[in-house]
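The sequence lines fix the lettering, A, B, ..., with proteins before strands; numbering per chain opens at 1. All heavy atoms count here, side chains included; hydrogens, waters and symmetry mates do not.
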Amino acid sequence: MAALLEVEGIELAYGEVAACREIAFAVAEGEIVTLIGANGAGKTTTLRGVAGAMLPRKGRIAFMGQDITRLPPHERTLAGIALVPEGRRVFPFLTVRENLEMGGYKFRRDAAKVRGLIERMMDMFPRLRERHDQRAGTLSGGEQQMLALSRALMSEPKLLCLDEPSLGLAPLVVQEIFKSIRAINAAGTSVLLVEQNAQYALATAARGYVMQTGAIVASGACADLRLDERIKEAYLGRK
Amino acid sequence: MPDLLSLVVQQTINGVYLGCLYVMVALGLTLIYGVMNQINFAHADFVTVGAFVALFTMTRLATKMLGMPEVAGYLLSIVFALGAGALLGLAVNAAVFAPLRDRGDELRPLIATIGVSVLLENGQLALFGPIPYQFDSPLAKETLRFGKIFFSLQNVLVVAVSAAAVAALYAFLKFTFLGKALRAVSQDRETSGLMGINQSFLIGLTIVIASALAGMGGALLGPGLVLDPFAGATVIVKAFAIVIIGGFGNLAGTILAGILVGIIEAFTIQYLGAGLIDLVVFVLLLTMLVVKPTGLIAERREENV
Ligand SMILES: Nc1ncnc2c1ncn2[C@@H]1O[C@H](COP(=O)(O)OP(=O)(O)O)[C@@H](O)[C@H]1O
Ligand SMILES: [Mg+2]
């Protein structure tokens with residue numbers, strides 16, 4: 001398997017204070033990889049670094065063999081990276097349809113393509129079709145998560161990054177979202193999944209990395225990570 | 001009492017006319033604030049530049065060099081002022097605002113707008129001198145009369161052009177991909193970047209639109225101003241008041257507040273005297289700040305831009 005994303009020793013900081021140090025991991029073509037860890041471990045920061053919302057002050061990021069370390073976020077989207085941000089961050093005063101259009105911004109000169117993609121998203125989540133003319137801010141949490149996920153897919157990414165898609169959602173909705181994530185992956189999109197819900201994450205991904213206070217402290221196949229005593233204790237809530 | 005009625009109608013017409021002028025100036029301020037959370041202190045000077053460009057387009061270029069009739073010359077001057085505003089916005093953004101923005105702090109761009117203002121004012125002072133210019137609109141002489149109600153073609157033109165500009169702006173924001181992207185940037189800057197939206201480009205576009213409106217506003221306002229290099233400053237204070245009353249960054253609120261302030265001004269002139277206008281407007285402003293600090297219609301956290 002060829003490496004799609006390679007992160008090599010990046011350091012990310014807010015102001016002077018480093019939030020993540022020496023972060024190194026990879027996502028191969030077609031893989032689901034998860035990044036787990038407690039609140040404040042630096043998972044969101046790492047994803048923002050991958051998506052370009054923050055530029056690293058050390059290290060290197062390569063995507064499809066190209067160095068993207070200094071690339072601004074909108075150019076990373078063009079290159080094929082999409083992020084579903086923590087807290088969903090739908091545009092509250094744009095309608096559901098307009099939110100999807102923004103996700104497909106890079107295809108803006110091809111109206112037919114954007115329409116076709118929107119239809120596909122609405123087939124995947126019929127709830128979005130019902131609410132297509134409604135402002136996104138008026139949707140429920142689960143609907144907003146579906147919208148945020150669809151919006152990210154509108155750019156036809158090669159790598160889909162998800163930051164805590166289960167946060168604050170009812171278990172049934174979480175199941176629906178994770179089912180979609182697996183389907184998206186089966187259709188060929190690689191996934192980088194950040195979760196506090198380690199149980200779900202380790203059941204969905206093939207490989208995982210464990211983060212603690214701004215560093216990666218363990219990594220391996222999810223099947224092994226699930227058996228690791230320390231991880232069981234810290235993140236899976238059972239001995 | 002038909003006399004009272006026609007008086008009320010007359011002052012309402014005057015007020016809407018004034019309000020449209022204010023809206024043309026205030027829209028750009030609110031647009032820039034809505035998209036980039038920044039106050040542009042040079043906005044007034046873009047209005048002044050627009051007024052001077054219009055004056056010279058009409059008196060030198062159109063009527064003298066091209067031999068156009070006065071009215072056509074004035075109409076052409078409005079287009080030129082719009083273009084000059086847009087170009088000035090483009091240049092100032094490229095030379096000053098964009099480089100500072102890329103360095104990522106907030107205070108410097110703000111101070112830079114003051115610097116640009118000083119530069120434009122003194123540049124115009126050097127070019128045009130301190131003595132006010134006479135800027136007569138040929139349309140101001142053409143008055144229409146309905147019973148006791150009078151208005152000029154200049155009034156009609158200002159209201160029509162303003163309405164067209166507002167309609168075009170709304171259509172742009174509502175129906176075009178770029179317009180929607182502009183709203184997305186104003187709602188969530190970071191997330192808009194994740195969509196592949198180039199924020200620097202859209203912020204530049206916002207500044208260009210705002211400056212074009214200011215330039216055109218200058219051409220429409222010019223005939224009503226004492227036109228010297230500092231002329232814009234006389235309307236900008238009211239424009240700021242309107243932007244605050246309307247709820248910073250709120251387009252619909254700004255339009256409503258602009259018309260409202262225009263009408264209040266017209267009635268103040270009629271009943272209290274012209275000297276009290278600023279007092280009345282600022283009492284209104286302070287009342288708003290106390291009673292409804294989020295602006296006229298911002299209470300539902302209305303969409304900005
Ligand atoms: N905007 C910010 N400004 C300053 N520090 C931040 C900011 N966001 C996160 N941090 C700090 O960075 C560290 C990592 O946070 P984060 O990446 O959000 O962790 P996680 O997503 O794993 O919960 C934390 O110590 C947090 O306090
Ligand atoms: Mg997080």
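Residues B:L182 and B:F172 meet the side-chain proximity criterion, which asks for heavy atoms closer than 4.5 Å. For the pair A:L12/A:R48, no side-chain contact is recorded, criterion being any heavy-atom separation below 4.5 Å from C-beta on.
Contacts of A:P85 with chain B are made by side-chain atoms alone, with heavy-atom separations under 4.5 Å and no backbone atom involved. With a 4.5 angstrom heavy-atom cutoff, A:R76 does not touch chain B via any of its atoms.
Within 6.0 Å of the CZ atom in A:R57, the count of heavy atoms belonging to other residues, nucleotides or ligands exceeds 12.
The candidate with the highest count of non-hydrogen atom pairs below 4.5 Å against chain B, out of A:K106, A:E75, A:E101, is A:E101. With chain A as partner, the option from B:G193, B:A181, B:G196, B:S192 having the largest number of non-hydrogen pairs under 4.5 angstrom is B:G196.
Separating the CG atom in B:L87 from the CZ atom in B:F80 is a distance of 11.0 Å, to the nearest 0.5 Å.
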